[in-house]
Protein chains: 2
Amino acid sequence: MSTTPDVETMVSTVRGAAKRVTAAKRTVAEVLVEAHGHLTVDEITSAVQRQRPEVSPSTIYRILEEFEELELVVHAHLGQPAAVYHLAGIVHGHLTCEICQRTVEIPSSHFDALSRELLARYGFQLDRHHLALSGRCRACRDAGAGTAITSGATA
Amino acid sequence: MSTTPDVETMVSTVRGAAKRVTAAKRTVAEVLVEAHGHLTVDEITSAVQRQRPEVSPSTIYRILEEFEELELVVHAHLGQPAAVYHLAGIVHGHLTCEICQRTVEIPSSHFDALSRELLARYGFQLDRHHLALSGRCRACRDAGAGTAITSGATA
DNA sequence: TTAGATGCAAAGACTTTGCGCACTT
DNA sequence: AAGTGCGCAAAGTCTTTGCATCTAA
């Protein structure tokens, strides 16, 4: 039921919800489908503007909000202030290193036991789309805090 | 090693770090010690200003930053954009309901197994001070999304 | 045709920064 | 006395909102 949507599916969903299919929406959908990791609104905006320079950030926000209501995308808050978005259906957890800020995606199955425990003990239904944990990645731990950013930037 | 600090301990730590002990810092320390849950900067500011109206938010930010460097406090990002702060030593996880925004604190022991798994599998050292998960609390699940805010506000 | 979507600009929430004076040491 | 820390105000980042216009249906 939660397979990664493609552009056509997304377009159909929008249409099916009695919303309008616009060029901006189509482009955002394309960008999200082509992107592999998570993208900030800024990144999405830049990518969209490469094709359609007139599209404004506020429109991106509105489109993402709509896509989220339609359960086409989900967002998460990782280490940085700006939220990141990715397609729904790619259900996974995020491990963000608080030193180098890099994020690793891990299968959400790692959360199975915890999830069951939280439900049983607290009646709390874990949202598997928003799983974000912070800590220190191996590289930064090895480097001993501080001298961490060796190879790249955000993944 | 990580017992909850009291005001005196905090003051000593500040002094020991060759930082100055000011009225504002003392008041922030008091507020944090007296508070039981986590507080936003806004809440801390209001509480501090009740005693010292001249203290400005920017000072609170600077003091919290210093306290965090001294490992006296930690902050976490729960559902809302504003970060929340609490004393270090109160190591626990946070479960935030994405409907009613209420947060429950749970013992971090729930994360033991997951923590071991992440370390073994990814070399990722989970930061037990920043544990924040979102999902739906029992009340909101029972109420069936939407009609959720029945009793109170943020805990 | 007509209501939803967009673009632009302004406002809003949260946080950071610059600067000169006050206060701790 | 010396220099850190503070108050105030301005700027910065991320996000939301208002409104006139445009456009998908």
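Residue numbering restarts at 1 for every chain, and letters A, B, ... go by the order of the sequence lines.
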base_contact_polar (D/dG3 base, B/Arg20 side chain, donor-acceptor, <3.5 Å): yes
Name of the residue among B/His77, B/His86, B/His129 meeting ring pair (Phe, Tyr, Trp, His ring centres under 6.0 Å) with B/His94: B/His86
Most 5' of B/Ser58 and B/Asp42 on DNA chain C, judged by nearest nucleotide: B/Asp42
Value in whole Å for how far the [atom2] atom of [N] lies from [atom1] of [X]:
X: A/Gln80; N: D/dC14; atom1: CD; atom2: C1'; result: 13 Å
X: B/Ile60; N: D/dC8; atom1: CD1; atom2: P; result: 12 Å
X: A/Ile63; N: D/dT15; atom1: CD1; atom2: P; result: 16 Å
X: B/Phe67; N: D/dG5; atom1: CZ; atom2: C1'; result: 12 Å
X: A/Glu54; N: D/dC22; atom1: CD; atom2: C1'; result: 12 Å

Over 12 foreign heavy atoms within 6.0 Å of CD, B/Glu71: no
Spacing of CG belonging to B/Leu72 relative to OH belonging to B/Tyr85, to within rounding of 0.5 Å: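 If I round to the nearest 0.5 Å, the distance is 13.5 Å.
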Using a cut-off of 4.0 Å on non-hydrogen atoms, how would the nucleic acid contact of [X] be classed: base, sugar-phosphate, or nothing?
X: A/Ser56; value: base
X: A/Arg26; value: nothing
X: A/Ala18; value: nothing

Where chain A begins and ends its contact with DNA chain C, read 5' to 3' at 4.0 Å from heavy atoms: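 For DNA chain C, the relevant span reads C/dA3 to C/dA9.
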Closest-nucleotide 5' rank along DNA chain D - winner of A/Pro81 and A/Ala23: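 The residue mapped nearer the 5' terminus is A/Pro81.
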Given DNA chain D, 5'-ward residue of the pair B/Val21 and A/Lys19, judged by closest heavy atom: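 Checking each residue's closest nucleotide, the 5'-ward one belongs to B/Val21.
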Pair A/Ser134-A/Thr96, side-chain donor/acceptor within less than 3.5 Å: no
Check: B/Thr9/B/Asp6 side-chain N/O donor and acceptor closer than 3.5 Å: yes
